[in-house]
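Comments concern the structure below.
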Amino acid sequence: MTASPTTPPPANLPTIARRGLMLVLSSPSGAGKSTIARALLERDAYIAMSVSCTTRAPRPGEVDGKDYHFVTVETFQQMVEAGQFLEHARVFDNFYGTPRGPVEDALASGRDVLFDIDWQGTQQLEQNARTDLVTVFILPPSVEELERRLHTRAQDSAEVVAKRMAKAGDEMSHWPEYDYTLLNTEVDRSIASVQSILAAERLKRGRQVGMADFVNRLRGQ
Ligand code: 5GP
């Protein structure tokens, strides 16, 4: 196996303690974000998905606790009041929110967290967690392609697809609020781009919290 920053190094090599980062992927529905996220999770041992709570009904094949925590509106509101969300928003006709605890644990122990959240949630994270945040906006190559992908997903009714198409323009207008912008023309290229972003962001000096001690030891201090 070739050396790669996405797999653990051999135990006899020095490693630098690192604070984890929050990688946000946003896009209009159907731009290919879920495919990119899935590939990233398969290929990288250091990043895990944040599992959101939602009040929407599960789609066929979706698993509670894996794709989402499916909760009632009442439970969701109690969680909001108890301050259990890092961010939360109403998207389409449902509520979505990111549970705070698992994210804070991961970051403190040097693991990264991947978020599939919309622009409203991203704006809240910008306020609450800017230094931990890396944001990527994914755009479809064309409106026709976006619509085709929404239809071939075949999990939503024609009415839901029409609603998502109508909202795509609004969502796309938020692209300048993100650190990185990606046109998803070829999915393999997009995955490689997100991996490059992640590799560079992990090397940011401020995230390598163990570096000062390491350098002091190198200098014999
Ligand atoms: P879907 O219903 O297709 O799974 O998701 C609809 C939208 O909700 C997507 O744009 C997705 O990024 C967003 N979303 C999913 N989870 C969260 C969350 O926890 N917070 C926010 N703000 N948006 C979310």
Side-chain angles (χ1 to χ4, degrees), residues 22-38 40-41 48-73 75-80 82-104 106-107 113-130 132-140 146-147 149-175 177-178 180-182 184 190 194:
M22 301 163 76
L23 180 66
V24 171
L25 301 182
S26 293
S27 73
S29 311
K33 172 183 54 178
S34 312
T35 312
I36 296 170
R38 215 174 305 122
L40 199 63
L41 293 167
M49 192 81 199
S50 163
V51 181
S52 297
C53 292
T54 183
T55 58
R56 90 155 157 70
R59 295 195 185 112
E62 281 186 330
V63 177
D64 188 31
K66 182 168 170 278
D67 298 292
Y68 281 105
H69 301 289
F70 295 99
V71 299
T72 61
V73 173
T75 301
F76 192 93
Q77 273 159 0
Q78 282 166 357
M79 291 179 74
V80 171
Q84 289 176 14
F85 290 125
L86 263 183
E87 63 73 36
H88 60 92
R90 186 184 179 130
V91 186
F92 304 110
D93 294 328
N94 298 295
F95 296 108
Y96 295 82
T98 302
R100 182 185 293 278
V103 177
E104 289 179 349
L107 298 187
V113 186
L114 182 63
F115 296 81
D116 171 347
I117 62 174
D118 80 331
W119 60 271
Q120 303 173 80
T122 310
Q123 283 185 351
Q124 291 171 49
L125 294 183
E126 288 276 354
Q127 310 259 315
N128 306 336
R130 178 60 252 183
D132 291 325
L133 201 59
V134 179
T135 59
V136 182
F137 198 87
I138 298 165
L139 288 159
L146 188 68
E147 190 158 15
R149 288 182 196 170
L150 278 178
H151 280 296
T152 51
R153 187 156 76 178
Q155 287 175 323
D156 293 316
S157 66
E159 189 194 337
V160 170
V161 168
K163 227 175 186 176
R164 286 176 184 244
M165 280 306 293
K167 204 148 178 225
D170 268 359
E171 288 173 13
M172 286 191 282
S173 73
H174 290 276
W175 71 271
E177 297 162 23
Y178 285 70
Y180 298 91
T181 324
L182 202 68
N184 186 22
S190 301
V194 176

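Atoms within each ligand, like the ligands themselves, are counted from 1 in listed order.
- A search for side chain to side chain contact (heavy atoms under 4.5 Å, CB included) contacts involving Val160 returns Asp156, Ser157, Arg164, not counting sequence neighbours.
- Within 4.0 Å of ligand 1, contacts by protein heavy atoms are made from Lys33, Ser52, Arg56, Arg59, Tyr68, Glu87, Ala89, Val91, Tyr96, Gly97, Thr98, Asp116, Ile117, Asp118, Gly121, Arg164.
- A salt bridge does not link Glu159 with Lys163: every distance from a Lys NZ or Arg NE/NH1/NH2 to an Asp or Glu carboxylate oxygen is 4.0 Å or more.
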Please evaluate residues Tyr178 and Ser26 with respect to the criterion side-chain hydrogen bond (donor to acceptor under 3.5 Å, both in side chains), reporting the C-alpha separation (whole Å), side-chain torsions for both, the decisive distance (0.1 Å), and the verdict.
CA-CA 9 Å; Tyr178 285 70; Ser26 293; 2.7 Å; yes
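- The salt bridge (charged side-chain N to carboxylate O under 4.0 Å, His left out) search around Asp132 returns Arg19, not counting sequence neighbours.
- Salt bridge status for Arg100 with Glu87: absent, with no side-chain N to carboxylate O gap under 4.0 Å.
- Partners of Phe115 according to the ring-ring contact (aromatic ring centres under 6.0 Å, His included) rule, which considers only residues two or more places apart in sequence or in another chain, do not exist here.
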